[in-house]
Engineer: 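Handing you this structure, nothing more for now.
This chain uses plain numbering: 1 for the first residue, then up along the sequence.
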Amino acid sequence: GGSLGRPEAPREADHLLLATQVSTRIAGARLDSSRRLGQGSPGDVLASTGSGQHLASLEASLQQLAVNVINGKEHLSDLQRKLLQGIRDETEQILQSIFIDHTEDQGEVDRARDDLAACDENAAIASGLANATAFQEMSHEACRIEEQQLFIAKAKACDVYNSAASNVTAPACMADFPSNARPDQFGDLLSCLRDLSIWAPAQNASLTLMKAACEDSTERHAEKVKQCQRLQGAYEMAFCSYHQELTDVCSSYAACRSSKSTAQQRTQAAVQVAESGRKAEYAAATRINCLLGVFDASAEEQPLRLELCATTTTSTSKLDIVYHEPNASLDCDTRPVEVYPCRAEWLSDRYESKPWYPQAPTAACTACAHLRPEPTPDPSAAAVPTCPNMVQVEFNVSDFRPKSTRGNLERGDLLVRGCSNDELGAVQGKQGVVVFLHGAGGHADDYANLSAVINRPEDYNIIFLQTPRSPGSRWMNLYNRSSLDHHWSNKQVLDDMSFVSDILDQLANLYGSHERVWIAGYSQGGAISALVALRGTSELLGGAFVIAGYPARPLYTDDDGALDLPSDWSPAVVERKRRTKIYFYTGEFDGVLPLIPAFCRFKKVVDKYRLDPANYRLWNKTGYCHYPGDHHGTCWNRVSPDPEGSEFRALWHIVRGEPDKVEGVVSVEPSTECPAWS
C-alpha cells in the first residue's frame with residue numbers, strides 16, 4: 001500500500017533492531033579491536049564481535065526493502081527514513097573504525113619488525129665500540145712513542161750536561177795558585193787571573209745552557225708521562241666498556257632474536273586474520289552505503305542503482321597490510337675481547353712487546369670493574385670505599401631517623417664515607433667543594449680510579465660520596481621497575497635527601513658558607529642532587545649539576561606535576577631559593593633516560609620554583625658519547641664517567657660561573673606537555 005500499516009510494524013521494529021545492532025557493533029568491535037593483539041588467539045578475533053554477521057543481516061534486510069520499494073510493495077515512512085539515516089551515519093563510523101584499525105595493525109606489524117631489528121642494532125652498537133676503543137688505543141700508543149722520544153732526548157741532554165760538569169778542566173795555573181802570594185809571584189797571579197777571566201764565563205755559559213736543556217727536557221718528559229698515563233686509563237676503561245657491552249649483548253642476542261621473532265610471527269598471524277575480517281566488513285559496509293543510495297534516487301533510477309549494488313566488486317587493496325620478512329641473524333663474535341686489560345696476554349701484547357715500552361713503561365693497569373670478583377655482601381654493612389689516589393673521609397650524621405624501613409638504614413648515628421682529594425679540614429686557599437653522588441650500580445672508587453681525568457682546579461676540593469646503604473651501590477632500592485616516575489620508594493628518597501643535606505651543612509661550616517658548597521651527581525645520584533639543592537635545605541647552595549638525572553618523586557609526580565614548595569618556608573626563604581643555580585646535562589643518545597620526557601618534567605619543576613632563567617640550563621650534550629647510538633649505560637661505562645672527562649670540564653666551568661664556556665651542548669626549552677617515559 002501507500003504506507004506501512006499495522007501488519008508492517010514488525011518490519012520497522014526489525015530495522016530498529018538492526019540499527020541498534022550496528023551501534024552495539026561499533027562500541028564492542030572498537031574495544032575488541034584495541035585488545036586484539038594483546039590477548040587471545042587469532043581465532044578469538046573472528047569470534048570477538050560477530051560484526052560480519054550483523055552487516056550481512058543488515059545488507060540482506062536493506063536489499064529486500066529496496067526490492068519492495070521498487071516493486072511498489074512498500075513506501076518509506078518517516079520512521080523508516082529516520083532509521084535509514086541512522087544506519088547511514090553508523091555505517092560511516094564503521095568505515096572510519098575500519099581504517100583506524102588498519103592503521104593500528106600496520107603499526108603493530110611495523111613495531112614487531114622494529115623490535116626484532118633492535119636485537120641486531122644492539123649487537124651493531126656493541127661492535128661499534130671497537131672503533132672507539134681503537135681510537136683510544138691509537139691515542140695512547142702515539143703518546144707513548146712521543147714519551148719514548150722525549151725520554152731519549154732527556155737522557156741525551158742530561159748525559160751531555162752531566163759529562164761536561166763532571167769533566168771541567170780549569171787552567172793549569174790553578175794547580176799552583178798561591179793563597180798568600182809573595183811579591184815575586186804577583187806577575188804569575190795576574191797572568192792566571194787573566195786566563196781564568198777568559199775561561200770561567202765561557203765555561204759558565206756553556207754549563208748553564210746544558211743544565212737548562214736537561215731540566216727542560218726532564219720537565220717535558222714528565223708532563224708527557226702524566227698525559228700518557230691518563231690516556232692509558234682512558235684506553236683501558238674504553239676496552240672494559242667494549243668488553244662488557246659486547247659480551248652482554250652477545251650473551252642475550254640469541255634469546256632476543258628468538259623471542260622477538262616469535263612475537264613477530266604471532267603478531268603477523270593475528271593481523272592477517274583481522275585484515276581478512278576487516279576487508280569483508282569494508283566490502284559489506286560499502287555495499288550497504290550503495291543500497292542506502294538506492295532510497296535517495298528517483299523511482300526511475302532505483303532499479304539501475306540496485307543492480308549496480310549487486311554487480312559492483314569492491315576493491316579492498318587500500319586495506320592491504322605490508323608484512324615483513326625477518327632479516328638474517330648476525331654473527332655476534334666476542335673473540336675481539338677474549339683478552340682484556342690486566343691479563344698477562346694483554347700486558348704483553350698491548351704494552352710490553354711494543355718498541356717504546358723500555359723507555360716509556362706503562363703505569364699500573366686498571367682492571368675492568370665488571371670483571372672483579374664480587375664479595376659476598378654483608379647485609380649489615382655498607383660498602384667501604386678504598387679511595388685509590390684519594391683520601392678516605394667520613395661524615396657522622398647524628399641521631400639519623402629514617403622514614404623508610406626498607407632501605408637498610410638504622411636509627412641512630414649514621415656513618416657516610418667518601419673519597420676526597422684532600423683531608424676534610426684542608427680548606428686553606430680553597431674557593432669551595434663539590435660533593436658528587438655516583439649512579440645506581442656505581443661506587444665512589446669508580447671515580448677515585450679516574451682522578452686523572454677529573455681535571456680538578458687547585459682551588460676546589462671534590463668529594464665522591466659513597467651510599468651508606470647495603471649492598472652499597474644504590475641510593476635507593478628498586479621494588480617496581482615499571483616506570484621512572486613510580487618505581488622509587490618515596491620515603492627512601494626523603495631519607496637520602498635528609499642525610500646528604502646534613503653532610504652539606506657540615507661542609508658549609510668548614511668552608512664558611514653554603515654558597516661555597518656544590519652538589520652534583522649522575523643518574524640516580526643526579527636525581528638526589530636536584531632534590532637536595534631545591535628542597536633538601538632552605539639554604540642557598542653554590543649550585544647543582546645533574547648529569548643524566550630526572551626529577552625525584554618529592555619534586556615531581558605524573559599525577560600532579562611539580563609539587564608545591566615546602567609549606568614551612570617563609571617568603572624570604574622562597575625568594576632566596578629562586579636564586580638556586582642548577583644545570584641539567586643529558587646525552588642526545590641516552591636510551592635509558594629519554595631527554596625530552598626528563599627535561600619536560602624538570603621544566604615544570606623550575607617553573608614551580610620560579611628560578612631565574614639565568615641560573616639554570618637544560619643541556620642536550622649533542623653526539624654524546626663520541627659515537628652515534630650510545631646510551632645511558634655504555635656511555636658512562638655503567639658506573640664511571642666519560643673517559644675524556646667532558647662532564648667534569650663542564651662542572652668546573654659551572655662552579656667558576658662560566659656556564660657559557662661549556663662545550664658541545666645545546667640548550668633545550670621543552671614543552672610542559674610531558675610525554676610518557678619510554
Engineer: Between D496 and Q492, does the side chain to side chain donor-acceptor pair (under 3.5 Å) criterion hold? Intermediate values first, please.
Structural biologist: CA-CA 6 Å; D496 292 330; Q492 288 187 59; over 6 Å; no
Engineer: Please report the C-alpha distance between H140 and R144 in whole Å, then the side-chain angles of each, then the deciding distance to 0.1 Å, and finally whether the side chain to side chain donor-acceptor pair (under 3.5 Å) criterion is met.
Structural biologist: CA-CA 6 Å; H140 172 251; R144 292 299 185 187; 2.9 Å; yes
Engineer: Tell me whether the rings of W569 and Y609 are parallel (<30°), tilted (30 to 60°) or perpendicular (>60°).
Structural biologist: perpendicular
Engineer: How far apart are the closest heavy atoms of S139 and L231, and which atoms are they?
Structural biologist: O-CD1, 3.7 Å
Engineer: Students often mix this up, so state it plainly: with edges at 30° and 60°, are the rings of Y340 and H243 parallel, tilted or perpendicular?
Structural biologist: perpendicular
Engineer: Would the pair C214 and C158 meet an SG-SG distance criterion of under 2.5 Å?
Structural biologist: yes
Engineer: Would you say the side-chain atoms of Q506 pair up with the backbone N or O of N396, donor to acceptor, closer than 3.5 Å?
Structural biologist: yes
Engineer: Angle class for the W518/Y583 ring planes (parallel below 30°, perpendicular above 60°, tilted otherwise)?
Structural biologist: parallel
Engineer: Between E147 and K224 (salt bridge meaning N to carboxylate O under 4.0 Å), is one present in this structure?
Structural biologist: no
Engineer: For the pair F135 and Y235, evaluate side chain to side chain contact (heavy atoms under 4.5 Å, CB included) and give the outcome as yes or no after the intermediate values.
Structural biologist: CA-CA 8 Å; F135 174 77; Y235 170 39; over 6 Å; no
Engineer: Taking only Lys NZ, Arg NE, NH1 and NH2, and the carboxylate oxygens of Asp or Glu, determine whether K211 and D216 approach each other closer than 4.0 Å.
Structural biologist: no
Engineer: Walk me through it: do Y351 and Y357 pass the test ring pair (Phe, Tyr, Trp, His ring centres under 6.0 Å)?
Structural biologist: CA-CA 6 Å; Y351 299 153; Y357 185 79; 7.5 Å; no
Engineer: For the pair N421 and N461, evaluate side chain to side chain donor-acceptor pair (under 3.5 Å) and give the outcome as yes or no after the intermediate values.
Structural biologist: CA-CA 6 Å; N421 60 278; N461 285 333; 2.8 Å; yes
Engineer: Run the numbers on Q227 and E223 for side chain to side chain donor-acceptor pair (under 3.5 Å), then give the verdict.
Structural biologist: CA-CA 6 Å; Q227 180 189 2; E223 287 300 316; over 6 Å; no
Engineer: Should C419 and V391 count as side-chain neighbours, where that means a heavy-atom distance under 4.5 Å?
Structural biologist: no
Engineer: Step by step, work out the disulfide bond (SG atoms under 2.5 Å apart) result for C368 and C240.
Structural biologist: CA-CA 5 Å; C368 298; C240 288; 2.0 Å; yes
Engineer: Taking T366's backbone N and O only, do any of them form a donor-acceptor pair with E236's side chain (distance below 3.5 Å, no angle check)?
Structural biologist: yes
Engineer: Is there a side-chain contact between F436 and Y522 in this structure, where contact means two heavy atoms from C-beta onward sitting under 4.5 Å apart?
Structural biologist: yes
Engineer: When rounded to the nearest 0.5 angstrom, what distance separates CG in L347 from SG in C365?
Structural biologist: 5.5 Å
Engineer: My understanding is that only one of T586, I582, L531, L618 makes a side-chain contact (heavy atoms from CB on, under 4.5 Å) with V546; could you say which?
Structural biologist: I582
Engineer: Is E663 salt-bridged to R649, going by a charged N under 4.0 Å from an acidic O?
Structural biologist: no
Engineer: Got a salt bridge between E575 and R578, using NZ or NE/NH1/NH2 to carboxylate O under 4.0 Å?
Structural biologist: yes
